[in-house]
Amino acid sequence: KPAKPGMAGAAGPLVRPCPGRIRHFKV
Amino acid sequence: VPLGGGMTFRQPNCDDPETEQVAGVAMNYINDNLFQSYKVILNQIDKVKVWNRRPNGEVYELELDTLETTCHALDPTPVENCTVRQVAEHAVEGDCDVQVLKQNGQFTVLTARCDSNPDSAEDVRKVCPNCPLLAQTNDTSVVVAVEKALAAFNAQSNGSYYQLVETSRGQVVPVPPYTYVEFVVAATDCVAKEVTDPAVCKLLAEKQYGFCKGTHIQRLGGEDVKVSCTMFQTQPPAAGSKAGGPGPVVDVAAPTSSPANPAPAAVV
């Protein structure tokens, strides 16, 4: 259900399926 | 072209065990088919798509970010035991596009294409302002350093004369001024102590490669050359894969390794 202006967003962590985790360091 | 809705794909999470398993298969394939430069290790899974394949199976399309390790591609050390090259050493990243078929629980790599790029000078400087940057392998200082280091190695070889196979990396250090190089050599049919014209020497059918690190310091009063090489186990003439190769061997000219540190290196 789309949020209406002024309404708080859904709680909880943002799901980011990709890209995945960085294992060493980002170049 | 999606005809009749037949071409469908799904997008699992990049960190799903399923995706990581396929990425692992792809990384093994990439390293097994790498014959120059350095082994690479997975850093990040960028994208994944899974296509249905007719009549059965699935094709995984992955974009992988890799990092260079300090193990040369010909080094039989398992990549898990290799050190990732750090930013201060001027790290090199790779971008790989791979396609892996999963059929009846078996994985087959269909395509793999990787491009690599060194980290930017700015990034290296941020971490280490005085660290030397990677030089071009045809840089005059690098070429000279490799020639001098190889000559020094051959001068102390009691066996074969070694030829240069690849200049793997070079760094020109300004203060104190010296050049650091890493390169690959291979044994020839000439004897090092007797060679007069290296151009006539041919690589042995059973390839014996070595990986060398050297430094060259040019001074007003002369020069200083240091070199150490690790010789790898010989590879059969028709070897198309590096898989299953035994570990490095100790060169007959090398000092004896101590039991406490059974280093496989042949060092001059």
Side-chain angles (χ1 to χ4, degrees), chain A, chain B residues 9-24 27 40-50 60-70 79-80 82-96 115-124 126-128 134:
Chain A
K1 186 177 179 181
K4 292 179 182 172
M7 283 181 71
L14 181 67
V15 177
R16 284 190 64 199
C18 284
R21 67 190 167 92
I22 295 169
R23 288 158 174 78
H24 301 280
F25 51 84
K26 194 68 185 170
V27 170
Chain B
F9 67 85
R10 60 188 176 89
Q11 288 182 287
N13 287 2
C14 279
D15 286 341
D16 270 0
E18 167 197 6
T19 312
E20 293 194 341
Q21 186 184 14
V22 179
M27 292 306 301
V40 291
I41 204 161
L42 180 64
N43 191 36
Q44 188 177 32
I45 300 170
D46 270 350
K47 289 180 187 169
V48 57
K49 274 186 185 176
V50 188
Y60 288 77
E61 262 185 18
L62 273 74
E63 282 184 34
L64 306 175
D65 271 1
T66 65
L67 284 172
E68 187 181 275
T69 70
T70 57
V79 71
E80 303 79 47
C82 297
T83 308
V84 177
R85 195 179 297 286
Q86 298 298 303
V87 174
E89 300 170 278
H90 205 160
V92 175
E93 68 152 345
D95 295 306
C96 299
D115 295 304
S116 64
N117 287 295
D119 196 1
S120 69
E122 292 74 23
D123 283 356
V124 179
K126 270 186 227 167
V127 173
C128 180
L134 263 181

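Just so you know, these numbers come straight off a predicted model, no measurement behind them. In what follows, every chain begins at residue 1, and chains take the letters A, B, ... in the order their sequences are listed.
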Check your understanding: Judged by atom type as modelled, is there a donor-acceptor pair below 3.5 Å linking the side chain of B/Asn43 to the main-chain atoms of A/Phe25?
Key -> yes
Review point. Is the backbone of A/Arg21 close enough, under 3.5 Å, to the side chain of B/Asp15 for a donor and an acceptor to pair up by distance?
Key: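 Answer holds: yes.
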Practice item. Calculate, to the nearest 0.5 Å, the distance between atoms CD and NZ belonging to B/Glu93 and A/Lys26 respectively. Key: 6.5 Å
**Study point:** Winner by heavy-atom pair count (cut-off under 4.5 Å) against chain A, out of B/Asp123, B/Asn117, B/Val92, B/Val87
**Key:** B/Val87
Review point. Given a strict heavy-atom distance threshold of 4.5 Å, which part of B/Asp65 is in contact with chain A: side chain, backbone, both, or neither?
Key: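 Interface part for B/Asp65: side chain.
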Review point. Is chain A contacted by the side chain of B/Glu20, its backbone, both, or neither, given a heavy-atom distance below 4.5 Å?
Key: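 Contact with chain A involves the side chain of B/Glu20 alone.
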Practice item. Sort out for me which residue in B/Ile41, B/Val84, B/Ile45 forms a side chain to side chain contact (heavy atoms under 4.5 Å, CB included) with A/Arg23. Key: B/Ile45
Revision key, fill the gap. Here the pair of heavy atoms bringing A/Cys18 nearest to B/Val48 is SG-CG1, 4.0 Å
